[in-house]
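First comes the structure, then the notes that go with it.
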Amino acid sequence: QVSSFTSNGIQNSPIYFGGNFLTTSNSDTLNHIGYYNPSANTLNPLQGITYGVTQVSATPVVNAVGVAGNYIYVGGTFKSAGGIQANNIARYDVLNQIWEALWDTTTNRNGVEGTVNAIAMFGPDLYVGGTITKAGGKTLINNLAYWSSTGSWITVGSQTINGPIYCLQFAAVGTPDFTLFIGGDFTTSGGNPGNYLCQYIVSLNSFSPLYGADGLGEGTNGVVYALQYVDLPSAAPDNPGTKKLYFGGVFSTVDIGSAT
């Protein structure tokens with residue numbers, strides 16, 4: 001089962017994929033993470049001292065994969081990546097072909113406690129969401145944190161999200177504001193009704209609902225598992241406007257209206 005895949009968007013570049021699998025159909029070892037080489041038409045492992053991610057106490061799984069520069073970021077449930085001890089989040093250095101844990105230099109702890117379901121890059125910083133109680137040994141109240149390229153885990157905001165996070169995406173919605181859109185299985189965020197969707201405004205360091213045309217933030221009536229922000233040309237055939245957030249999950253209404 002493949003849970004996530006990504007690439008850098010350049011033609012014929014590798015496509016990285018993660019999930020719950022051990023080998024290819026040819027019995028080549030992958031251990032839950034690998035990449036497809038379009039030029040050679042081959043499936044390949046991310047090899048360090050060993051292949052992929054592992055853990056002893058339970059079945060490991062990769063839920064999220066992201067690309068930033070020469071690094072492949074991998075999140076899920078595991079305790080080792082390429083033979084290196086790593087708690088549920090790690091990165092692979094493509095140039096040097098080595099796995100690295102994400103350490104907090106102040107607490108001397110790496111990774112997170114809990115399951116990582118989603119990752120999103122904001123410049124050099126890596127945001128992670130899921131069912132997470134600690135990051136770099138620091139207690140979280142909203143299942144969300146980020147790892148700074150300077151080498152520390154940092155909590156996001158001081159407000160709660162009362163359930164698991166399943167998807168994240170950054171967007172330049174305004175200038176100079178950046179927004180992190182968040183979907184999952186929660187009904188409040190930052191003390192406000194969230195109903196499975198909310199947004200985090202970076203410059204304000206706060207969460208808020210996604211407001212509909214009526215000025216209310218009803219969200220959806222069920223879990224949101226995926227979202228995608230797009231900046232469309234205003235002259236598109238259906239005249240959608242320039243900024244749209246698409247999302248999917250298990251729900252039948254959106255902002256009170258019907259949906260499928």
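Asn162 places a side-chain N or O within 3.5 Å of a backbone atom of Thr188 that can act as its donor or acceptor partner. Although no hydrogens or angles enter the test, the distance criterion places a donor-acceptor pair under 3.5 Å between the side chain of Asn221 and the main chain of Ser252. Using modelled atom types, one side-chain atom of Trp153 and one backbone atom of Leu102 make a donor-acceptor pair closer than 3.5 Å. Within the 3.5 Å criterion, the main-chain N or O of Ile98 finds no donor-acceptor partner in the side chain of Asn96. Using modelled atom types, no side-chain atom of Thr23 and backbone atom of Thr29 make a donor-acceptor pair closer than 3.5 Å. Listed for the His32 side chain is no donor-acceptor partner under 3.5 Å among the backbone atoms of Gly18. Checking side-chain atoms of Asp185 against main-chain N and O of Val223 turns up no donor-acceptor pair under 3.5 Å. Within the 3.5 Å criterion, the main-chain N or O of Tyr51 finds a donor-acceptor partner in the side chain of Asn31. At least one donor-acceptor pair closer than 3.5 Å links the side chain of Thr105 to the backbone N or O of Gly151.
For the residue pair Thr24 and Asn26, no side-chain donor N or O sits within less than 3.5 Å of a side-chain acceptor on the partner.
Of the options Tyr35, Tyr92, Tyr36, a ring pair (Phe, Tyr, Trp, His ring centres under 6.0 Å) to Tyr16 is made by Tyr35 and by none of the others.
Both Leu46 and Ile49 are members of a single hydrophobic cluster when ILVMFWY side chains are connected at heavy-atom separations under 4.5 Å. Both Leu168 and Tyr200 are members of a single hydrophobic cluster when ILVMFWY side chains are connected at heavy-atom separations under 4.5 Å. The hydrophobic clustering, which links ILVMFWY residues whose side-chain heavy atoms are closer than 4.5 Å, places Tyr196 and Val254 together. Ile33 and Leu43 sit in two unconnected hydrophobic clusters of ILVMFWY residues. Membership requires side-chain heavy atoms under 4.5 Å apart, directly or through other members. Linking Ile, Leu, Val, Met, Phe, Trp and Tyr whenever their side-chain heavy atoms come within less than 4.5 Å puts Val250 and Tyr166 in one cluster.
At a threshold of 4.5 Å between non-hydrogen side-chain atoms, the residues Asn44 and Asn37 count as touching. Residues Asp93 and Tyr71 meet the side-chain proximity criterion, which asks for heavy atoms closer than 4.5 Å. Side chains of Gln169 and Gln228 form a contact here, defined as non-hydrogen atoms less than 4.5 Å apart. Using a 4.5 Å heavy-atom threshold, the side chains of Lys138 and Asp104 count as touching.
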Only distances under 3.5 Å count here; give the side-chain donor-acceptor pairs of residues 109-131 to other protein atoms, sequence neighbours excluded, each with its distance to 0.1 Å.
residue: Arg109; atom: NH2; partner: Glu113; partner atom: OE2; Å: 3.2
residue: Asn110; atom: OD1; partner: Asn87; partner atom: N; Å: 3.0
residue: Asn110; atom: ND2; partner: Gln85; partner atom: OE1; Å: 2.7
residue: Thr115; atom: OG1; partner: Thr77; partner atom: OG1; Å: 3.2
residue: Asn117; atom: OD1; partner: Asn63; partner atom: ND2; Å: 3.4
residue: Asn117; atom: ND2; partner: Ile165; partner atom: O; Å: 3.1
residue: Asp125; atom: OD1; partner: Ser149; partner atom: N; Å: 3.3

Original post:
Given Tyr246 and Leu227, is the side-chain contact (heavy atoms from CB on, under 4.5 Å) satisfied, shown in steps?
Top reply: CA-CA 5 Å; Tyr246 296 88; Leu227 50 80; over 6 Å; no
**OP:** Kindly indicate, with the supporting measurements, whether the criterion side-chain contact (heavy atoms from CB on, under 4.5 Å) is fulfilled by Ile89 and Val74.
**Re:** CA-CA 6 Å; Ile89 184 79; Val74 176; over 6 Å; no
**OP:** Any chance you could lay out the side-chain contact (heavy atoms from CB on, under 4.5 Å) test for Phe247 and Thr220, step after step, and finish with the verdict?
**Re:** CA-CA 10 Å; Phe247 50 91; Thr220 73; 3.7 Å; yes
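A distance of 10.0 Å separates OG1 in Thr160 from CG in Asn143, rounded to the nearest 0.5 Å. Going from atom CG of Leu144 over to atom CD of Gln159 covers 11.5 Å, rounded to the nearest 0.5 Å. Rounding to the nearest 0.5 angstrom, the gap separating the CD1 atom in Ile182 from the CD atom in Gln199 is 9.0 Å. Between atom OG of residue Ser158 and atom CZ of residue Phe207 there is a gap of 8.5 Å, rounded to the nearest 0.5 Å. Ile154 contributes atom CD1, which lies 5.0 Å from atom OG of Ser148 (distance to the nearest 0.5 angstrom). Rounding to the nearest 0.5 angstrom, the gap separating the OG1 atom in Thr187 from the CD1 atom in Ile161 is 11.0 Å.
When all heavy atoms of Ala171 and Tyr229 are compared, the closest pair comes out as CB-CD2, 3.3 Å. In terms of heavy atoms, Pro38 sits closest to Pro14 at CD-CA, 4.2 Å. Heavy-atom minimum distance, Phe178 versus Ala172: CE2-CB, 3.6 Å. Residues Val224 and Phe251 share a closest heavy-atom pair of CG2-CE2, 4.3 Å. In terms of heavy atoms, Ala90 sits closest to Trp99 at CB-CE3, 4.1 Å. Contact between Ala68 and Tyr73 at its shortest, heavy atoms only, is CB-CE1, 3.9 Å.
Counting Ile, Leu, Val, Met, Phe, Trp and Tyr side chains that sit under 4.5 Å apart, directly or through other members, Leu95 stands alone, with no cluster partners. When hydrophobic side chains of Ile, Leu, Val, Met, Phe, Trp and Tyr are connected at separations under 4.5 Å, Val61 ends up as a singleton with no cluster partners.
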